[in-house]
Amino acid sequence: MDELNLLQRITVWAIPVIFAITVHETAHGVVALRLGDPTAKMLGRLTLNPVKHIDPIGTLLVPGILLLLPGSFLFGWAKPVPITWQNLKQPRRDMALVALGGPLSNLLMALLWAGAIQVGLLLEGAGGIFLIYTGVAGIFVNIILAVLNLVPLPPLDGGRVLTGLLPPRAAWKFSQIEPYGLIILVLLLVTGILGQIIFPVVSLLLTAIAGLTGLSPGDFGYFLTALLS
């Protein structure tokens, strides 16, 4: 399995992508519940069942198409977990904490995928190689998702965090950007500006977590290049 065929490549990417998005959304609901809002729990969204979180277009179609394009930027989304901000104890502060829950869960998952690579190195044959490839994909996907969501632009998590930190009047004005947030994000993506903003941070985190996998930097780079080419 030194070189991946199309089916293997799709399988290796699909597992981390689906779980990265699922855990991200579940984490929002878990933090909201801890802070007083049971909406996600009542609607059955506090689950790791991907079916509950998958958006057919954002979770499957868009990432699937991008993965088939060599060197493309991985991008996707899930159905947002519903939050009733009126139930929160301190709404402005707590909405920021709820927003942070998603990206932090992705960083934790990246560390868990590093552990999966260590297990893969102990196994022999195709099973070990498959786990290594999947672990590398998992680290990459989760770091991208964490950093991208921390961009301070509504409706991304970073935008909600910034809204919670700004003074009320400034926060209200900033929140008015949200209806245009996706358009702005796509423009930043296609012009390459988004990559210039996030990839230095992605590279830093990728290097740090790759060092925990047991792979040499060269080997980690080899597996990642094979996945992205």
Side-chain angles (χ1 to χ4, degrees), residues 9 12-13 15-25 27-28 31 62-63 66-67 69-78 96-121 131-166 181 184-229:
R9 191 164 177 249
V12 163
W13 280 109
I15 296 171
V17 167
I18 289 174
F19 279 99
I21 294 174
T22 297
V23 172
H24 180 103
E25 293 301 330
H28 286 315
V31 175
V62 171
L66 292 176
L67 288 174
L69 302 176
S72 62
F73 186 93
L74 190 64
F75 181 68
W77 61 89
L97 293 175
V98 169
L100 276 175
L104 290 179
S105 74
N106 290 122
L107 293 177
L108 176 59
M109 283 198 71
L111 294 173
L112 293 176
W113 281 117
I117 293 175
Q118 293 179 354
V119 174
L121 292 172
L131 190 55
I132 292 171
Y133 268 118
T134 307
V136 171
I139 291 172
F140 184 75
V141 164
N142 279 281
I143 289 177
I144 287 284
L145 194 57
V147 176
L148 175 62
N149 271 281
L150 286 174
V151 172
L153 175 69
L156 297 177
D157 295 328
R160 301 195 187 284
V161 172
L162 183 55
T163 299
L165 295 175
L166 290 172
I184 295 171
L185 185 65
V186 171
L187 289 175
L188 292 175
L189 175 63
V190 298
T191 57
I193 296 174
L194 183 62
Q196 295 175 15
I197 294 172
I198 73 170
F199 274 123
V201 182
V202 168
S203 180
L204 181 64
L205 290 172
L206 196 61
T207 300
I209 296 180
L212 304 175
T213 63
L215 291 170
S216 69
D219 286 341
F220 188 91
Y222 167 80
F223 283 108
L224 184 57
T225 300
L227 287 168
L228 295 175
S229 62

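No experiment lies behind these values; they were computed from the predicted model shown.
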Please step through side chain to side chain contact (heavy atoms under 4.5 Å, CB included) for the pair L104 and V31, ending with a clear verdict. CA-CA 11 Å; L104 290 179; V31 175; over 6 Å; no
At what distance, to the nearest 0.5 angstrom, does CD of Q118 lie from CD1 of I132? 11.0 Å
Could you give all pairs that pass the side-chain hydrogen bond (donor to acceptor under 3.5 Å, both in side chains) test and reach residues 137-164, with sequence neighbours left out? H24-D157, H28-D157, N106-N142, R160-E178
Quick one: does V161's side chain get under 4.5 Å of P152's, heavy atoms only? no
Measure the CG-CD distance between L188 and Q196 for me, rounded to the nearest 0.5 Å. 10.0 Å
Distance-only, no hydrogens or angles: does the T213 side chain make a donor-acceptor pair with backbone N or O of A210 under 3.5 Å? yes
As a quick check of understanding, evaluate side chain to side chain contact (heavy atoms under 4.5 Å, CB included) for L131 and L121, giving each step before the final call. CA-CA 8 Å; L131 190 55; L121 292 172; over 6 Å; no
Would you compute the distance between atom CG of L162 and atom CG of L156 and round it to the nearest 0.5 angstrom? 12.0 Å
Indicate the atoms forming the closest heavy-atom contact of A27 with G101, along with that distance. CB-O, 3.5 Å
Hey, what do you get for CG (L224) to CD1 (I139), rounding to the nearest 0.5 Å? 9.5 Å
Measure the CG-OG distance between L145 and S105 for me, rounded to the nearest 0.5 Å. 8.0 Å
Mind checking whether V190 and V186 have side chains closer than 4.5 Å, heavy atoms only? yes
Evaluate F199 against I144 for side chain to side chain contact (heavy atoms under 4.5 Å, CB included), listing each step before the verdict. CA-CA 8 Å; F199 274 123; I144 287 284; 3.8 Å; yes
Testing the basics here: between Y133 and L227, what is the closest heavy-atom pair and its distance to 0.1 Å? O-CD1, 3.5 Å
Could you walk me through whether L228 and F140 satisfy the side chain to side chain contact (heavy atoms under 4.5 Å, CB included) test, starting with their C-alpha distance in whole Å, then the side-chain angles of each, then the deciding distance to 0.1 Å, before giving a yes or no? CA-CA 10 Å; L228 295 175; F140 184 75; 4.0 Å; yes
If you take all heavy atoms of P200 and G195, which pair is closest and at what distance? CD-O, 4.0 Å
Of V12, I117, L206, T225, which is the lone residue that meets side chain to side chain contact (heavy atoms under 4.5 Å, CB included) with V136? I117
Please report the shortest heavy-atom distance between P103 and A146, naming the atom on each side. O-CB, 3.6 Å
I need the F220 CZ to I209 CD1 distance, nearest 0.5 Å. 8.5 Å
